[in-house]
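Have a look at the structure below before the remarks.
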Amino acid sequence: MTQVQKVERVAVRFAGDSGDGMQLTGDRFTADTAVVGSDFATLPNYPAEIRAPAGTLNGVSSFQVQFADYDIRTPGELVDVLVAMNPAALKSNLKDLAPGGTIIVDSGDFTNRNLTRVGYTSNPIEDGSLSSYAVHALDLTGAAVAAVTPFGLNRKDASRTKNMYALGLVTWLFSRSPEGTLEFLATKFAKKPHLRDANVAAFNAGYNFGETAELFAVRYEVGPAPLPPGTYRQISGNKAIALGLVAGAVQAKLPLFLGAYPITPASDVLHELSTFKNQGVITFQCEDEIAAIGSALGASYAGSLGTTVTSGPGLALKMETLGLAVMLELPLVVVDVQRAGPSTGMPTKTEQADLLQALYGRHGEAPIPVLAAQSPTDCFAITVEAAKIAVEYRTPVIVLSDGYLANGAEPMLVPSVEDLPAIETNFATEPNGPDGTFLPYLRDAKGARPLAVPGTPGLEHRIGGIEKADRTGNISYDPANHDWMVRQRQAKIDGIAAHIPDVVVDDPSGEARLLVVSWGSSFGPVSGAARRVRRTGRKVAHVHLRHLNPFPANLGEILKSYDKVIVPEMNLGQLAFVLRAKYLVDAESYARVRGLPISITELSGDLMDALDHLEA
Amino acid sequence: MTQVQKVERVAVRFAGDSGDGMQLTGDRFTADTAVVGSDFATLPNYPAEIRAPAGTLNGVSSFQVQFADYDIRTPGELVDVLVAMNPAALKSNLKDLAPGGTIIVDSGDFTNRNLTRVGYTSNPIEDGSLSSYAVHALDLTGAAVAAVTPFGLNRKDASRTKNMYALGLVTWLFSRSPEGTLEFLATKFAKKPHLRDANVAAFNAGYNFGETAELFAVRYEVGPAPLPPGTYRQISGNKAIALGLVAGAVQAKLPLFLGAYPITPASDVLHELSTFKNQGVITFQCEDEIAAIGSALGASYAGSLGTTVTSGPGLALKMETLGLAVMLELPLVVVDVQRAGPSTGMPTKTEQADLLQALYGRHGEAPIPVLAAQSPTDCFAITVEAAKIAVEYRTPVIVLSDGYLANGAEPMLVPSVEDLPAIETNFATEPNGPDGTFLPYLRDAKGARPLAVPGTPGLEHRIGGIEKADRTGNISYDPANHDWMVRQRQAKIDGIAAHIPDVVVDDPSGEARLLVVSWGSSFGPVSGAARRVRRTGRKVAHVHLRHLNPFPANLGEILKSYDKVIVPEMNLGQLAFVLRAKYLVDAESYARVRGLPISITELSGDLMDALDHLEA
Amino acid sequence: MTTTTGLGRVPLSLTPLNRKDYTSDQEVRWCPGCGDFAILAAFQGLMPTLGIKRENTVIVSGIGCSSRFPYYMDVYGMHSIHGRAPAIATGVAIAREDLNVWVVSGDGDALSIGGNHLIHALRRNVNITIMLFNNRIYGLTKGQYSPTSEAGKVTKSTPTGSIDTPFNPLSVALGAEASFVARTVDSDRQHLSEVLTAAVAHRGASLVEIYQNCPIFNDGAFDEVKGAEPGVIPLVHGQPIVFGDKCVVRDADGDLRVADLAEVGVEAAIVHDAHRPDPSLAFALSRLTDQGKIRQAPIGIFRDVDRPAYDDLVRSQVSVPDDRAAALQALLTGPETWTVA
Amino acid sequence: MTTTTGLGRVPLSLTPLNRKDYTSDQEVRWCPGCGDFAILAAFQGLMPTLGIKRENTVIVSGIGCSSRFPYYMDVYGMHSIHGRAPAIATGVAIAREDLNVWVVSGDGDALSIGGNHLIHALRRNVNITIMLFNNRIYGLTKGQYSPTSEAGKVTKSTPTGSIDTPFNPLSVALGAEASFVARTVDSDRQHLSEVLTAAVAHRGASLVEIYQNCPIFNDGAFDEVKGAEPGVIPLVHGQPIVFGDKCVVRDADGDLRVADLAEVGVEAAIVHDAHRPDPSLAFALSRLTDQGKIRQAPIGIFRDVDRPAYDDLVRSQVSVPDDRAAALQALLTGPETWTVA
Ligand SMILES: Cc1ncc(C[n+]2csc(CCOP(=O)(O)OP(=O)(O)O)c2C)c(N)n1
Ligand SMILES: Cc1ncc(C[n+]2csc(CCOP(=O)(O)OP(=O)(O)O)c2C)c(N)n1
Ligand code: SF4
Ligand code: SF4
Ligand SMILES: [Mg+2]
Ligand SMILES: [Mg+2]
């Protein structure tokens, strides 16, 4: 009998044609991973084209999941097991297979025609070019079709079950119980029993094949990770943002309004929220990004939590209205799910190059708080925090996510509503000025102004984008007043630092001389790299920033206490630039602008070099 | 007889109601100043309202001119002579009168009604409140009306000649010849002889009144300034930009195309260029700023010099298209005449707070060269330089001006076309790739790509905002290619530093320990302040930056060689921020955000304090 | 969904209000003689007659001389940015059914930079009332031609005469599926008030073009149509379209034409029907407006048809759970969970 | 100004060209079965028939599936940004009279984010030809509803059905003073080629709406109108508007209506006149299009009238001095100078 081997960590990638159901297969496998209790992180990879012709390199769709018996931070770079449903999938994914890794290919699809189409001149299964891997060439399609013969499906539907056959096999390979998938199929195809039965049959056939064929010398088992106890769910970054927006509104006791114009990779937030109508959520698909933020601003003005979500090109279009929001001092949450730029760039690829735009992309002095999520799960917390700052400080807030977080998923300890921060609207209901007048720009201790929502009797007033006199909010061209108001608005935003937590340095030894600073989704790769470096006995400190404006109050001190500061970013050094300017620290940029997460392998190697250099 | 006193420098301000013709009066007086050969600088100040009700504070319009027998840098802060045509003009301008300064008021307008209207409870001419000034209260209106009686004007037209009466008086006061104005009136009213004669009569009456009334103890004379010999003209910043755009196009042998949407204070560039149709200049007033830059980009693509001009809010709207221009690598000149922000801000007031937007306001890595004019005259040279960079490097270029430069005027040595830099288009006409193909992204030594204009046979190709493969320009999602292209685009812009002149430090003693760095229109106040500081025997160095991206190559070295660096700006420290980040120098921001030029008096005082502190 | 009037869900005022209640303390800063004054005066007179609570009115404007309007009304107001008022007002209207939402805009603000937001607000039929102050010029930026200026206009930016064919704002609106389209003039206070009253009563988006004189940069642009009686063609629902000694008839080829009453007889005149589902007649009427210097122009309500208001439809799809916290908890938990002990 | 055709100033090719000359080397990347393929094929076939130099054609597109079009044509092409193609193309057309300038856009690109540029290009009458690929959906972003989607449409962003009244692109264009307005369908190559040929021959802005099937996100949206004969109402200039056993007549109240030929007789059918100065009839015809699921829609040229092209007018006001340097020197010197010795 095949032996079961315990491993700490495995990365599996399912790759096939867009029509092969790889996303579904991966999702299912991930759900089983969750049941086992391993930690995991996923990374889907869709083709740039909607539907490239079947069997082409452009048409390959893949789903990667890494799972481990400890807490992991990324979906992994190199995969240990690659399931390739056709030659195109093999060709485009092989470069990411770890040396000695396992390949399961559907040999049924490796016809001459299909091979030539993607540029293979000989069959890689046979020509020895894969000899450094453990290759299992199986006619998955043929086996699946055979398994479903009894159910009378047409040829196309029959061969479509091959993904379930593959899933059965991999389920067996990782010593998983088949139950989850069987239940899933029962529900999914409840109304189509013949499809249910066929898929079940294919799945079981795959599973049984593993069990009986003895092709695999070992089965693997990845144990549960010691995660904090509690109820978990799986979540992607975009879903988490949607939930965060709802939670922010609920905590503020405000209706949620989302104005949005579809754009990759942010559209799913709109899609998700548009299914929450029974939660009182209003989604408004607008004519463009300017209308999206404009309507959100209008909704905020009228007493909702106005929000909008977009990606880089859309954020550029929202800048003028953001300036207005700064002047009006109204709450507004703007989410930017970054993608590779500039211009249209590579819409389906990730990047972190909108930071400077978020910080400085407006005319005039128009400061705005900027937060960034570090993981899919954190997309939730950061969005709730953004809502709190927006409402309590009367300010637009920008939340930065990116394509990598947007679609990747990981386990999330289900947040308890009771633990969510309270958000105080403190709407004005009474006059606050002399003679029963209302002073819409009389600031509180935090620098926030009173908000009187339309419909509040006696507090009628006018606001606008022209400079306003302090306190009264009347139009003012007075030079001293302008200087004062510019500084007041800046001070209000700077003051938020007092209410955000200090950063905590991750430096287990307490003796590191090199500090690595990350922000946004680079959290995963950078903390992963720091771990690897430490495993070699070297010392490295890591600070991760979720607050980009203002920075946590203790940041400067921390930066100055290290001999060297390195800032890995998926841009040409935007955070490094800001850190240098603010703290006069020689922060060194480590720039990788490839539309991909920073490589842990590459980074940890480079960090070790830097350390060795530092010691020398 | 009145004595004539030579003075080095005088500032005169004409202030009155919007309808009183103060701009015209000031212009005329400036023209006479030019004839004398004094150096000068002017500053018009229009009301924010189109036509505020007559006689109100909001309706006051003024024109200031400072002239001197040496080269001056600003229109002056405090004025020596204030001509106030009504109580509102007196009230709103008095604060800018130098101690002991001269006031000429039209007492005819100081009726109770007019006084009350602007909040005077007693008549300042009579109540002694002006005792520290030399006040000449004259019934200018009455005298003018009397002078024009023979010409049968109606009451309104007759009293309108009071500005000419005032101009006559001031012309006499500054020992100017009346001829210039007399000629001017003859031309202006050539077709309306009765108006011509009336205005001439009023002007002469004012002049003669000065001569005969002996109210003024002294007449002043400001001699010619030792300007470089040559032919001079008067020019405002906006006019100079218009001329610079035309010159850039002529030098590049390209048609000039301006796409623009009106916005204060940039509209005059559109107005000016629209009068140059007989120079082959095409101006296109668009539906918005996005169309303005879009059409300009289209024109550039089609082989024109595409340009657009706007102010802060408009620049915000152009950002997405600027990103496209970065990807397309097409020439484009974008002029931002900055005004006080954020949002609508104070449209008629000046500011320098769009610098960070210009540098970093785009999503993704989208570097763009940024230049800034230092004076109205420099608006010409900087625009020509921008056109040269745009065309030769195939890149959009942003030129920053501001409201202060836009409307202010000074003498300009008429540039000779022969001395203008050559601009090479080097359009591609032949294939440059293998097998007669055209590689639109095969860069030259400067990093610039070949431009093939539509209509060029054999070089048909496609460009777009999606990331392009190196050399071929085909769509590419390749990670390494993206990283490469991002860096190539950056390197191209950085490389421009090799072709811009080093900055020259203004440090007459060569021993200063304090360096003041300015950019844009702060050149005037900062160099003025440096002079004043030096006059006290203190040492201060001054560096002015016309190139904000990239910086001149020697800048870092210079910054590091001073003990202290101060950066005065009309914003909250934007240049200081960038200098700190780039050079890790503790550049200190000196921020004055009042919608007004930095005060020489205040700055020189503060610099002296800083110096004394440094020495101590 | 029950159709109700535009103000059907706005609370009524318990005490009668008057013009002074609606007048803010800010000094009005238009040029002497500007048509905006007359519109403001009419509006301040009209508001108390609506009988609603003052605090439930919101006016959103863009940028332009006309867009200073909100400052002078003692209600809630937002002077926003150039061209975006319809988008912002859409957010206000969707968020709150109890507000009386107005947009004030100019010909540049609404039709140049803001054209897209305008046509989308109209097609969606958001419950807002849009006043488009058409002075056929950019006032605030001191006199450039606008998208409604007649071709050939000499302005600061067109010293040799403009060459753009102007928009007919009402044709644009009708092409964009507007459910309420009207035109009035600054100088006819009675007509202005009537049209605005009908506009605000219409549930959905109402566009009211107001011919407005700019004495500084485009003086007299509407003198001929305002002054001499036969200039305006008043449209009155259910009435034959006659004016002075003329009327509007349909030609044999189907086009509309102005004819001499004496010649064709009043029976030949078209009877105005503002409630027709098909906008084609309203469109044809809009074309009776001169494109150049305006000498002839129909005024009144061109079209007023019932169609569900966008914001009502939004609200009809949305429901707020009784216990938001519990509902949120369910959402956070999601359909599939697992437990770590 | 002498009126000429749309291509009147574009140089002719000295050698005959064929479809292959116009086909680029880039792999076409639309989904299998996408209607865009048919349009591309027709276009590649059409271009050589124009007889002009290949290098003098420029295609500017926005963003969307349809906007990938330029990559597949071996002419000059720009794949720009979302919604801005009409503005960019306007710059191209103004700058160069010797180019054949096309805009390719989708229903989202042209009517959602780009609506304003579209209507302004149309009113100005810039000499460009706009192909609006209307699949009534956002394809590239994977299936959200668009401004032409029928109300009630269930999409990713409208799980409970959309509530927006859609635009009728032709009504929008006619409301915006368009001088050439037409509609055709992806599947009728002959009609598509004819209409595009007329569009490009028109000097000024031509808008051609093309019903385009998106098999992935909105399959069969036009099946009923494309398939069964009586679905399309072909408009042919000078011909009575008849289709199948039906025709279009004007009702007593002036509205257009579809009637049974047998009942009313062919004499009652309206004779199509695409050249009428008044756009009202074209507008009325545009309203015969279904607003919901499309079952009935006129196709062909709705309107084709002469009006000076904007870019021609621009050029007519501008002149280039013989000696640019000398002219520049005069400009730099200006009217008033003084000399310092
Ligand atoms: C983004 C932006 N672009 C340009 C401007 C400048 N601007 C302000 S108002 C205006 C046009 C005003 O014309 P209109 O809308 O007709 O209003 P009016 O002043 O005539 O009432 C322009 C171009 C601006 N404020 N913001
Ligand atoms: C500024 C900006 N906003 C949003 C997008 C995302 N986007 C790309 S194409 C598109 C709509 C596509 O629909 P359509 O124009 O109908 O073209 P189709 O794909 O259907 O051919 C959207 C919303 C973008 N690229 N840029
Ligand atoms: S410029 Fe014209 S529109 Fe503006 S306030 Fe003056 S008169 Fe009115
Ligand atoms: S998504 Fe639709 S429109 Fe886009 S390429 Fe595919 S079939 Fe064509
Ligand atoms: Mg106007
Ligand atoms: Mg579409």
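Chain identifiers are assigned alphabetically (A, B, ...) following the order of the sequence lines, protein sequences preceding nucleic acid strands; residue numbering begins at 1 within each chain. Because the structure is a prediction, the values reported are computed rather than measured. These numbers come from the heavy atoms of this one structure, side chains and all, not from hydrogens, waters or symmetry mates.
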- Item | Structural part of A:P411 lying under 4.5 Å from a heavy atom of chain C | both
- chain A shares the most heavy-atom pairs under 4.5 Å, among C:T57, C:D98, C:T333, with C:T333
- Side chain / backbone / both / neither for A:I235 at chain C, heavy atoms under 4.5 Å: neither
- Item | Shortest non-hydrogen separation from C:L331 to A:F276 and the atoms involved | CD1-CE2, 3.7 Å
- Query: Would you call C:I88 and A:L324 a side-chain contact if the rule is heavy atoms closer than 4.5 Å?
  - Reply: yes
- Query: What are the two closest non-hydrogen atoms of A:D288 and C:H117, and how far apart are they?
  - Reply: OD1-CE1, 3.5 Å
- Query: Taking every heavy-atom pair that is under 4.5 Å apart, which of A:G458, A:G303, A:G280 has the most such pairs with chain C?
  - Reply: A:G280
- Message: Could you go through A:I290 and C:N116, starting from their C-alpha distance and side-chain angles, then the distance that decides it, and tell me whether this counts as side chain to side chain contact (heavy atoms under 4.5 Å, CB included)?
- Response: CA-CA 10 Å; A:I290 303 179; C:N116 205 32; over 6 Å; no
- Message: Counting only non-hydrogen atoms closer than 4.5 Å, does A:A296 touch chain C with its backbone (N, CA, C, O), its side chain (CB onward), both, or neither?
- Response: neither
- Query: Going by residue number, which parts of residues 317-328 of chain C are within reach of chain A, meaning a heavy-atom gap below 4.5 Å?
  - Reply: C:Q317, C:V318, C:S319, C:V320, C:P321, C:R324, C:A325, C:A327, C:L328
- Best-contacting candidate, A:G306, A:S295, A:G259, A:C286, against chain C by heavy atom pairs under 4.5 angstrom: A:S295
- Salt bridge present between A:E287 and C:R123 (N-O < 4.0 angstrom): no
- From C:S316 atom OG to A:K277 atom NZ, the distance as rounded to the nearest 0.5 Å: 9.5 Å
- Query: Does any heavy atom of chain A fall under 4.5 Å from the side chain of C:H120, the backbone, both, or neither of them?
  - Reply: side chain
- So which of A:S304, A:G37, A:P415, A:G465 has the biggest tally of heavy-atom pairs under 4.5 Å with chain C? A:P415
- Pick one of side chain, backbone, both or neither for A:A240, based on which atoms fall under 4.5 Å of a heavy atom in chain C. neither
- Item | Greatest number of heavy atom pairs closer than 4.5 Å to chain C - which of A:E320, A:Q251, A:Q234 | A:E320
- Item | Top contributor to chain A contacts, counting heavy-atom pairs under 4.5 Å, from C:P11, C:G77, C:S24, C:A87 | C:G77
- Query: Can A:V414 and C:Q329 be said to form a side chain to side chain contact (heavy atoms under 4.5 Å, CB included), step by step?
  - Reply: CA-CA 9 Å; A:V414 172; C:Q329 189 62 62; 3.8 Å; yes
- Message: If you count heavy-atom pairs within less than 4.5 Å of chain A, which of C:N56, C:V75, C:I119 leads?
- Response: C:V75
- Query: Who among C:Q26, C:H82, C:E336 has the most heavy-atom pairs with chain A under 4.5 Å?
  - Reply: C:Q26
- Query: Heavy-atom distance under 4.5 Å to chain C: side chain of A:S416, backbone, both or neither?
  - Reply: both
- Message: Between C:Y71 and A:N474 (side chain of the first, backbone of the second, donor and acceptor by atom type, cut-off under 3.5 Å), is there such a pair?
- Response: no
- Query: For A:L258, is it the side chain, the backbone, both or neither that has a heavy atom under 4.5 Å from a heavy atom of chain C?
  - Reply: neither
- Item | Under 3.5 Å: donor-acceptor pair, side chain of C:R96, backbone of A:A302 | yes
- Do the ring planes of C:W338 and A:Y232 sit parallel (below 30°), tilted (30 to 60°) or perpendicular (above 60°)? parallel
- Greatest number of non-hydrogen atom pairs under 4.5 angstrom with chain A, of C:T339, C:L332, C:V92, C:T337, falls to C:L332
- Message: Out of A:P229, A:A452, A:G464, return the one with the most heavy atom pairs under 4.5 angstrom to chain C.
- Response: A:P229
- Query: Taking atom NZ of A:K468 as the centre, does the number of heavy atoms from other residues, nucleotides or ligands within less than 6.0 Å exceed 12?
  - Reply: yes
- Message: If you define the side chain from C-beta out and look only at heavy atoms, does anything of C:H79 sit under 4.5 Å from A:L328?
- Response: no
- Query: Has the side chain of A:R462 got a donor or acceptor atom that lies under 3.5 Å from a matching backbone atom of C:M73?
  - Reply: yes
- Message: Any heavy-atom pair between the side chains of C:Y76 and A:V453 that's under 4.5 Å?
- Response: no
- Determine the option with the most heavy-atom pairs under 4.5 angstrom with chain C, choosing from A:G230, A:A249, A:A225. A:G230
- Message: Applying side chain to side chain contact (heavy atoms under 4.5 Å, CB included) to A:F284 and C:V314, what does each step give before you reach the verdict?
- Response: CA-CA 8 Å; A:F284 174 41; C:V314 169; 5.9 Å; no
- Where is the tightest heavy-atom contact between C:E55 and A:T456, given as atom of each residue plus distance? CB-O, 3.5 Å
- Message: If I compare all heavy atoms of C:M78 with all of A:L330, which pair ends up nearest, and what's the gap?
- Response: CE-CD1, 4.3 Å
- Is chain C contacted by the side chain of A:T283, its backbone, both, or neither, given a heavy-atom distance below 4.5 Å? neither
- Query: Would you say C:R54 and A:E460 make side-chain contact, with heavy atoms under 4.5 Å?
  - Reply: yes
- Query: Is it the side chain or the backbone of C:R68 that comes within 4.5 Å of chain A heavy atoms, both, or neither?
  - Reply: side chain
- Message: For the backbone of C:A89 and the side chain of A:Y301, can you confirm whether one donor and one acceptor N or O come within less than 3.5 Å of each other?
- Response: no
- Note on the structure: Most contact-rich option vs chain A, by heavy-atom pairs under 4.5 angstrom, among C:D74, C:V58, C:V101, C:V60, is C:D74
- Heavy-atom distance under 4.5 Å to chain C: side chain of A:V281, backbone, both or neither? backbone
- Note on the structure: Under 4.5 Å to a heavy atom of chain C? For A:A292 that would be neither
